[in-house]
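A short write-up of the structure that comes next.
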Amino acid sequence: MSLPNKFDSKVSEKSLQEIWETNKTYKWEEKSQEESFIVDTPPPTVSGSLHLGHVFSYTQTDIVTRFQRMIGKNVFYPMGWDDNGLPTERRVQNFFGIKCNPNVKDQADFKPNYNFDPKKDQVVEVSRKDFISACVELTTKDEVAYEAMWRRLGLSVDWTQTYSTIDPHSQKISQLSFLDLAKNNQVYNLESPTMWDVDFQSAIAQAELEDRERPGAFHDLKFQMESGDEFIIATTRPELLPACIAVVAHPSDLRYQKFFGKTAITPLFYAPVPVLASEHAEPDKGSGIMMICTFGDINDVQWWKSSQLPIKQVINLQGIIRPVTFGEDAFVSIKPDIANSNYQQLVGLYLKQAQKKIVELLAQPDSAIDGKSAALFAEPKAITHSVKFYEKGDRPLEFIPTRQWFIKTLDHKEALLEQGTKINWHPEHMRVRYENWVKGLNQDWCVSRQRYFGVPFPVWYPINALGEVNYTQPLYAEAQDLPVDPMSQVPKGFTESQRGQANGFIGDPDVMDTWATSSLTPQLSSHWGSNAERHQKLFPANIRPQAHEIIRTWAFYTIVKSWQHFGEIPWKDILISGWVLDPERKKMSKSKGNVITPESLFDEYSPDAIRYWTAKARLGADTAIEEAIFKMGGKLCTKIFNASKFVLMQFERINLDIKDYNLADINCELDRALVANLQEVIAESSKALENFEYTTALKLIEDAFWDFCDNYLELVKVRSYQDDNNPERKSAMSALAWSLKTFLKLFAPFVPYVTEEVWQESFKDGKNPAIHKSTWPTTNEASNVLKPSYSKAYSSATEVISKVRGVKTASQKSLKWEIAELNIACNAEAQQALESVIDDLLQAANVKDQGLVFTATSNQETELQVSVILSENWSQ
RNA sequence: GGGCGCUUAGCUCAGUUGGUAGAGCAAUAGCCUUACAAGCUAUGGGUCGCAAGUUCGAGCCUUGCAGCGCCCACCA
């Protein structure tokens, strides 16, 4: 039984991990829900590598989890991999140089190209099946690296409980969820203008929107009434002029009242459009009169929906001006020839180029309706305005009519707000973000994506005798057949030969929003739908740890699903972590190039040291990377190790086993005081950890530990050095052993490696083969140890010893230097207290025999005065 | 425009129910001390963002203001 001279994390990590592994330290036992503590672990997105932000928030969860395990909870701490969805597709595209094209044939022996060089090689189009196999191959590789990182960080995950969001299990549950919602009439598909990313070629949901500041310009366009009157419209999107369906002004706007109900003519395209009154127009914005186009923004969509006007769709799915003919269908024009020749110049252009072109046309001196002036009334005025983007996209979103699946949320705002109040939010104020989001919802959840690597909809659509697809009565898969791929499997009662034929069917080609799967993480863990017994034991979960920027997505959608399926909340507590900021206080992100890899920090400081840094940050608080804190963590670990070494040494010197200490031996006042102090630390830190306030707990434990090292160890040292195992020494030894054991356990959730290393060489026994499965200290344990006779004895002794050190330091003497006379001036009460521990105090201060003098002060005087005369010549 | 949070020592942050302002780092001066020199000891350092109010008493409670950050909405 002995510790190495120094603790070297790199040397020990592997063997400590093996100890945890062989003892199945983190394994969940199938026990009742009441006995368990269930973590709804965030499945990290598999798209490259984990960064310090992950380390930060996952460690905070791990601390809570380790504490719960030690207080006897049967912890369920799974790990998922979020490997479906766009980030993975994008990574696979760049990594292997392939692109999915559903029209390409499968290759018999498809192998992704690991040597793809974007500078030299061409991007190859591959089939949907081949693309998906490449996605699976790369994510599988990434997941191996992720797991290694998590293990090194020391996450106490049960590695037998894993899933990935693309695996058949997750697909099945995602599809089951969809079918359950369909059964309850909570989903619908609809062809309607939807937010569309022209690069990714997919619809997106409100939750994935992001505003970005972009340069733009107001263009003042001259419109004319049939009567010949003119007015000016200000627009930032002149390229949508051919899609103008109406012109609106506020009903009370005197300037335009005379035009209401009449018809205006658009420049360039000579389209007659109604001038209408609408509350939606604001008189003091622009010229007070605005054009409605299909579609410039969400307001246009909403206005159009409540009107009876037709759509004029000029933008295609790629964000290119599509061919249309003026004079036909919705594109009415009083001069179709001119309209078409103008429009022809825009066809085929991307929106940006189209804007440039149309401004040129509008600027021509005869472009106005009267033929005598330019329709562009003034030079465009440059502005900066915010534009809606898909958060992962590069070009502004467009509203384009497409058929999509939606999950109903707008009807349930009240219920969802109520669900939010049933959950405990940590920190509490994060609930407000959830509530703001729910209140601000303006669209149902669009869940279909026109992508490939995701969960398909378990849906086919019948085709009638005329070859028309009937979207209103989809053919749903049967629950027992899940997961299904409607593109390769057929609906009940049909054969493959009927695919795409009259009286046949087609499969839904889309995949689900990745959040449609992530919103089911509690159910993915509980095996909802396939193992009812297990589901009952694991749902709802105890905690959901997550970051604040995904309250509107992950937290919200999870609450939605849980409510729709079970009418329940998915977890009791939600723990919101903050962000990691770089030293310049900017959010860490790959694009900014300020990412430090966790591995390099583990190598430099040790995983325990990095964990310490994460434990110093409160939930919800953004935290900068600070090397000083890593160093502090490292120092703490060294101190834990050295103090342990000291205690163990005292036992080794007289060949005793540290496990044989006896609390009944603790009789000395100083030792009783230590126990009493530590009892309080146990009580308060436990309370804090139960409330997820691990920072508070760590501070209490740490302060007590440094005091233990700086003061108690110094005071008890000489007594413990005695070779004779007398009662005083026995008292010291038992106090040392018990307090070391207690400190190791208290620190274990925070710094699992160093505490385990010491445990293995000290308190390990058959019942407690690993510290992380030992029991958390309770105040009961040492409740029979007598309380100190004087509550002030310990703190007064500490105060005296500190003043003595001050004198020695000021005299530039070693702290060991002998004191000829120690004079303590204090009141009677303090003197009694000090006398109870006086032997330890005098030895620690190295006071000469007969050198102590007490000077009595009045009882009103609470101050302790210490004066010291050092021996002149002293040598050891 | 609405909401939330933050503002305490040079830096990073604690500060429970209102009761004499704390820690670490940095700075300064020292010390080989039978665990630890990758260590230890001591010292200096603050108008608690500003203003007003409540109170015997405010870093903490109330109101207003300012700066910073974030969330949401609007954006012709």
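Note: hydrogens, waters and symmetry copies are ignored here, and every other heavy atom, side chains too, is used.
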Base, sugar-phosphate, or nothing for [X], non-hydrogen atoms under 4.0 angstrom?
| X | value |
| --- | --- |
| A:Glu693 | nothing |
| A:Lys687 | nothing |
| A:Arg552 | sugar-phosphate |

>> If you assign each of A:Asn299 and A:Lys635 to its closest nucleotide in RNA chain B, which residue comes earlier from the 5' end?
In response: A:Lys635
> Quick one: on RNA chain B, does A:Thr696 or A:Asp297 contact a more 5' nucleotide (nearest heavy atom)?
Replying inline: A:Thr696
If you measure from the [atom1] atom in [N] to the same atom in [M], how many Å do you get, rounded?
| N | M | atom1 | result |
| --- | --- | --- | --- |
| B:C74 | B:C6 | P | 28 Å |
| B:G44 | B:C4 | C1' | 39 Å |
| B:A9 | B:G59 | P | 14 Å |
| B:C75 | B:G18 | C1' | 46 Å |

What is the base-pairing partner of [N], counting Watson-Crick and G-U wobble geometry with both distances under 3.5 Å?
| N | result |
| --- | --- |
| B:C32 | none |
| B:U43 | B:A27 |
| B:G57 | none |
| B:C13 | B:G22 |
| B:G64 | B:C50 |
| B:A38 | none |
| B:C75 | none |
| B:C4 | B:G69 |

> Is A:Asp840 salt-bridged to A:Arg719, going by a charged N under 4.0 Å from an acidic O?
Replying inline: yes
>> Tell me whether the side-chain N/O atoms of A:Lys639 come closer than 4.0 Å to OP1 or OP2 in B:C40.
In response: yes
>> On the nucleotide B:U33, are OP1 or OP2 found under 4.0 Å from the side-chain N or O atoms that A:Ser814 carries?
In response: yes
Given [options], the nucleotide with the shortest approach to the side chain of [X]:
| X | options | answer |
| --- | --- | --- |
| A:Asn436 | B:G2, B:C75, B:C36 | B:G2 |
| A:Ala628 | B:C40, B:C25, B:A35 | B:C25 |
| A:Ser386 | B:G2, B:G30, B:C75 | B:C75 |

> Does the ring center of A:Trp613 lie less than 6.0 Å from the ring center of A:Phe56?
Replying inline: yes
> When the aromatic ring centroids of A:Trp738 and A:Tyr661 are compared, is their separation below 6.0 Å?
Replying inline: no
